[in-house]
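Here the structure is laid out as structure tokens; the discussion comes afterwards.
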Amino acid sequence: LMTDLGYYTGPIDGIWNQELTDAIKALQRDLGVPETGVFDAATLQAIYAQGVTSGSATTTTVAPATTVAPATTVAPAPETTAPPAPETTAAPTTPPPTVPEPDPTQPSLQEALVADGRFTGYLRLLQAAGYPDDFDRLAAYTLFAPTDEALVAAGVDVEALIAADTPEELFALLAGTASEGRFTDADLRNPANSPLEMVGGEFFDLVIDDDGRLTIDGSTIESPEIVAKNGIIHAISSLDLS
């Protein structure tokens with residue numbers, strides 16, 4: 001998006017760099033919103049309100065898909081040289097399963113996290129990074145949310161982390177806890193979905209141990225999942241930070 005709007009000329013490699021932060025601040029300056037350097041709710045509202053993208057709120061649901069869609073978009077171009085290459089590259093990023101329309105009576109991801117009561121630390125990190133409102137506005141996500149007990153057991157000091165890291169660093173860190181699309185427990189146990197691509201571009205292995213416990217990148221997923229109108233939450237009861 002930043003490249004299409006002419007604000008960013010750097011590499012599109014999934015790595016958050018200072019050039020991208022500066023580009024977002026320049027866009028925010030032109031939009032007349034606080035220059036936070038991250039895509040927060042105020043920036044997204046201004047983009048759609050001022051018609052910067054397509055002048056339609058429908059961009060809200062389309063925009064996130066571009067993080068997964070490049071393999072499809074780029075596929076026609078290489079056809080003249082090596083048509084199978086894009087197909088092979090895209091294979092690990094298994095498309096999210098087709099799901100019914102979300103139930104508007106269900107809580108949003110943020111509301112579900114708050115209502116559950118086990119994720120106060122994770123919510124503090126999301127808020128510091130500028131994520132919560134974005135999750136409520138964009139396409140469906142699957143969150144792998146560490147519980148407060150898991151954070152304490154792993155020695156994670158949430159307030160110290162917020163004080164030490166910038167919003168950009170927290171944003172990048174938390175990108176490893178979200179995947180685009182709605183993945184139920186059954187979906188995660190399907191070998192076709194492992195490794196699972198996260199919003200930050202990492203690929204995490206999904207493993208079922210001899211006792212039937214499911215882990216993602218070594219961290220234990222607690223059952224059952226929490227269903228929201230714009231995604232699914234899987235509680236992480238044990239963190240592997242190695």
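When a residue number appears, it is its place in the shown sequence, counting from 1.
Checked by atom type and distance alone, the side chain of N193 pairs as donor or acceptor with a backbone atom of D187 at under 3.5 Å. Between the N230 side chain and the L109 main chain, a donor and an acceptor come within less than 3.5 Å of each other.
In plain terms, the two heavy atoms of F183 and L196 that are nearest each other are CZ-CD1, 3.7 Å. Closest approach of D165 to E169, counting heavy atoms only: CA-OE1, 3.3 Å. E35 approaches K25 most closely through the heavy-atom pair CG-O, 3.7 Å. Between D185 and E225, the closest heavy-atom pair is CB-OE1, 3.3 Å. L239 approaches P146 most closely through the heavy-atom pair CD1-CB, 4.0 Å. Shown here for A128 and P167, the closest heavy-atom pair between the two residues is O-CB, 3.8 Å.
There is no path of hydrophobic side-chain contacts, each under 4.5 Å, that joins V152 to L125. One hydrophobic cluster holds both L143 and L123 under the rule that ILVMFWY side chains link at heavy-atom gaps under 4.5 Å. Note on I232 and I216: separate hydrophobic clusters, where clusters join Ile, Leu, Val, Met, Phe, Trp and Tyr whose side-chain heavy atoms are under 4.5 Å apart, directly or indirectly. The same ILVMFWY cluster, assembled from side-chain heavy atoms under 4.5 Å apart, contains both V199 and L173.
A heavy-atom distance below 4.5 Å is not found between the side chains of R189 and L206. Between D148 and R118, every side-chain heavy-atom pair lies at or beyond the 4.5 Å cut-off. Between T147 and F119, the closest side-chain pair of non-hydrogen atoms falls below 4.5 Å. The closest side-chain heavy-atom distance from Q106 to V227 is below 4.5 Å. Using a 4.5 Å heavy-atom threshold, the side chains of P195 and F204 count as separate. When side chains are defined from C-beta on, V158 counts as touching I162, because their heavy atoms get closer than 4.5 Å. Using a 4.5 Å cut-off on side-chain heavy atoms (C-beta onward), Y7 and D30 make contact. Side-chain contact between L126 and L113: present, with at least one pair of heavy atoms (C-beta onward) separated by less than 4.5 Å.
Residue D240 holds its CG atom at 7.5 Å from OG of S238, rounded to the nearest 0.5 Å. One finds the CZ atom of F171 at 9.5 Å from the OG1 atom of T36 (value rounded to the nearest 0.5 Å). To the nearest 0.5 Å, the span separating CD1 on I12 from CE on M2 amounts to 11.5 Å. The distance from atom OG of S219 to atom CG of L214, rounded to the nearest 0.5 Å, is 11.0 Å. Between the CD1 atom in I236 and the OG1 atom in T177 there is a gap of 9.0 Å [rounded to 0.5 Å]. Between E202 atom CD and E197 atom CD the span is 9.0 Å, to the nearest 0.5 Å.
Looking at Y8 and D22, their side chains never bring a donor and an acceptor atom within 3.5 Å of each other. Residues E149 and S237 have side chains that never bring a donor and an acceptor to within less than 3.5 angstrom of each other. Using modelled atom types and a 3.5 Å distance limit, the side chains of E19 and T9 yield a donor-acceptor pair. Between the side chains of S108 and Q110, no donor-acceptor pair is found at a separation under 3.5 Å.
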Using side-chain contact (heavy atoms from CB on, under 4.5 Å), reason through M198 and E180 one step at a time and then give a plain yes or no.
CA-CA 7 Å; M198 312 306 285; E180 188 177 347; over 6 Å; no
Decide side-chain contact (heavy atoms from CB on, under 4.5 Å) for T142 and H234; before the verdict, give the C-alpha distance in whole Å, the side-chain angles of both, and the deciding distance to 0.1 Å.
CA-CA 7 Å; T142 296; H234 294 279; 3.4 Å; yes
